[in-house]
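Computed from a prediction, not measured in an experiment: that's the story for all the values here.
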Amino acid sequence: FLITISYSNKSVGIEINQLFNIIHGNTSMYNNVRVTEVKLNSELMKSFPGPKFGMVGIRNIIGHKNSILCPVLKPQGLSSDELASLAYDFLISGADMIKEDHNLTNQTFSSFRDRIEKITKLVHKANKETGKKSMYIPHISSNFENIIDDIEFAIEAGVDGIMLIPSLIGYNFIHNISKNKKYNFPILSHPSFSGGHVLSKYHGINHGVYYGTLQRLIGADMSIFPNFGGRFEFTKDECLEISLRCRETNGIGKSIFPAVGGGMSIKTANEMRSMFGKDAVFLLGGGLIKYRDTMKNVISDIRNILDS
């Protein structure tokens, strides 16, 4: 059965934790109950306005309307200097954005603050040389007592946004950062620790709702999800549904970028262009590093295919 349930605004109040509790609280512990759509009325939209930047805001920062290419800084074990050098190579080769791998946190081989300072320095150098405004988005996963200080350190150092993992950091925390007028930067959400919400066909939350609607609701401007055909078990239809929910103009707040992770290469670029179009962030993972000597040509070739 497909059932539509309406709740009074008074049941929600103005707290996002309670809104999520109503959407899928105790019902999350039932088999055969799955959330397939979430809609807010105009009054609730005032309390939960959605993303601060959205697709349009990101494009205004980057300064073009083509597809957005975003290599990932990885792997674990590289020093801060090595990661900064890799970031520089990515940007002078034509990347629009770079993000850190979600496994880069505050480790001994590359401490958070040391890495932030060294990468931002070379990002600014690369942008000055290319004349572009490419974005650097670090991953922040600090302990509760340090996370605000670390976010403010990163912004002061000159990063262009931050990546957070909602299932670990907390939906309410991201919602607060997004709404807070003190913080004026885009948020990229990462799907780690979220698979249990979506993978069952019979209960949980629809892929498009979780990675699209709910990410918009908490204030993410870009939402990462794994592409089909790789090592994850998302289907083509599920990926298309996520993309639709991210970009639909009648959704919660501003439309956001679907950020497609995995599978991007010269061989697959044409298919991914056909699926997602130009209004997507395409993540380029570890496979790009092996082309470091010819990286500029590889990124250029991929962009030509995506924008053709």
Side-chain angles (χ1 to χ4, degrees), residues 5 7 9 11-29 33-41 43-54 99 102 105 137-148 150-151 154 161-200 203-226 241-242 245-246 248 251-259 261:
I5 303 175
Y7 292 95
N9 290 356
S11 296
V12 176
I14 58 172
E15 296 165 346
I16 198 164
N17 286 346
Q18 173 60 5
L19 176 58
F20 275 49
N21 188 31
I22 284 178
I23 291 171
H24 203 39
N26 280 352
T27 57
S28 68
M29 294 178 279
V33 175
R34 188 167 175 84
V35 179
T36 60
E37 189 168 18
V38 173
K39 292 183 177 181
L40 302 185
N41 59 42
E43 281 302 306
L44 286 180
M45 290 284 281
K46 294 176 183 177
S47 297
F48 309 105
K52 187 175 289 183
F53 287 82
K99 81 162 198 74
H102 67 290
T105 55
I137 301 179
H139 173 219
I140 299 181
S141 63
S142 318
N143 289 329
F144 177 80
E145 63 270 21
N146 301 321
I147 191 164
I148 293 297
D150 283 346
I151 288 174
I162 61 174
M163 184 177 80
L164 300 169
I165 301 176
S167 296
L168 296 176
I169 290 293
Y171 307 105
N172 188 26
F173 179 81
I174 297 176
H175 179 248
N176 177 65
I177 293 295
S178 176
K179 284 186 65 176
N180 195 324
K181 294 180 180 179
K182 180 180 179 180
Y183 302 121
N184 190 38
F185 49 76
I187 296 171
L188 171 64
S189 67
H190 191 283
S192 181
F193 212 70
S194 68
H197 290 298
V198 301
L199 289 180
S200 171
H203 59 265
I205 304 174
N206 175 275
H207 289 70
V209 172
Y210 187 86
Y211 298 110
T213 306
L214 296 188
Q215 302 310 308
R216 292 170 69 159
L217 178 56
I218 64 176
D221 301 283
M222 300 168 278
S223 175
I224 298 174
F225 62 93
E241 174 69 11
I242 295 168
R245 295 296 185 187
C246 286
E248 61 186 356
I252 296 171
K254 299 180 176 77
S255 300
I256 68 173
F257 273 114

What distance separates [X] [atom1] from [Y] [atom2], expressed to the nearest 0.5 Å?
X: Leu164; Y: Ile174; atom1: CG; atom2: CD1; result: 4.5 Å
X: Asp221; Y: Ser189; atom1: CG; atom2: OG; result: 9.0 Å
X: Ser223; Y: Leu214; atom1: OG; atom2: CG; result: 9.5 Å
X: Ile162; Y: Lys99; atom1: CD1; atom2: NZ; result: 13.5 Å
X: Ile165; Y: Ile224; atom1: CD1; atom2: CD1; result: 9.0 Å

Between [X] and [Y], is any pair of side-chain heavy atoms under 4.5 Å apart?
X: Met222; Y: Ile137; result: yes
X: Ile140; Y: Ile147; result: yes
X: Ile218; Y: Pro166; result: yes
X: Met163; Y: His190; result: yes
X: Leu40; Y: Leu19; result: yes
X: Tyr210; Y: Gln215; result: yes
X: Ile151; Y: Phe185; result: yes

side-chain hydrogen bond (donor to acceptor under 3.5 Å, both in side chains) against [X], all qualifying residues, sequence neighbours excluded:
X: Ser192; answer: none
X: Ser194; answer: Tyr211
X: Asn206; answer: none
X: Ser47; answer: none

List the residues meeting ring pair (Phe, Tyr, Trp, His ring centres under 6.0 Å) with [X], not counting sequence neighbours, and say none if there are none.
X: Tyr7; result: none
X: Phe20; result: Tyr171
X: Phe225; result: none
X: His139; result: none

Restricting to side chain to side chain contact (heavy atoms under 4.5 Å, CB included), what partner residues turn up for [X], sequence neighbours left out?
X: Glu145; answer: Asn143
X: Ile148; answer: Glu152, Phe173, Ile177, Tyr183
X: Asn9; answer: Asn41, Glu43, Leu44
X: Lys39; answer: Glu37

Over 12 non-hydrogen atoms of neighbours within 6.0 angstrom of CG in Leu168: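 Buried by this count: over 12 neighbours within 6.0 Å.
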
Neighbour count above 12 (heavy atom, 6.0 Å) for Gln18 CD: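 Enclosed.
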
Shortest non-hydrogen contact between [X] and [Y], atoms and distance:
X: Ser141; Y: Thr105; answer: OG-CG2, 3.1 Å
X: Ala259; Y: Leu188; answer: CB-CD1, 4.3 Å
X: His175; Y: Phe48; answer: NE2-CD2, 3.6 Å

Please check: side-chain N/O of [X] versus main-chain N/O of [Y], any donor-acceptor pairing under 3.5 Å?
X: Arg245; Y: Gly212; value: no
X: Arg216; Y: Gly50; value: no
X: Asp150; Y: Ser142; value: no

Intermediate values then yes/no, side-chain hydrogen bond (donor to acceptor under 3.5 Å, both in side chains), His24 and Thr27: CA-CA 5 Å; His24 203 39; Thr27 57; 2.9 Å; yes

side-chain contact (heavy atoms from CB on, under 4.5 Å) between Asn184 and Lys52, worked out: CA-CA 8 Å; Asn184 190 38; Lys52 187 175 289 183; 3.8 Å; yes

Derivation of the side-chain contact (heavy atoms from CB on, under 4.5 Å) call for Thr36 and Val209: CA-CA 7 Å; Thr36 60; Val209 172; 5.5 Å; no

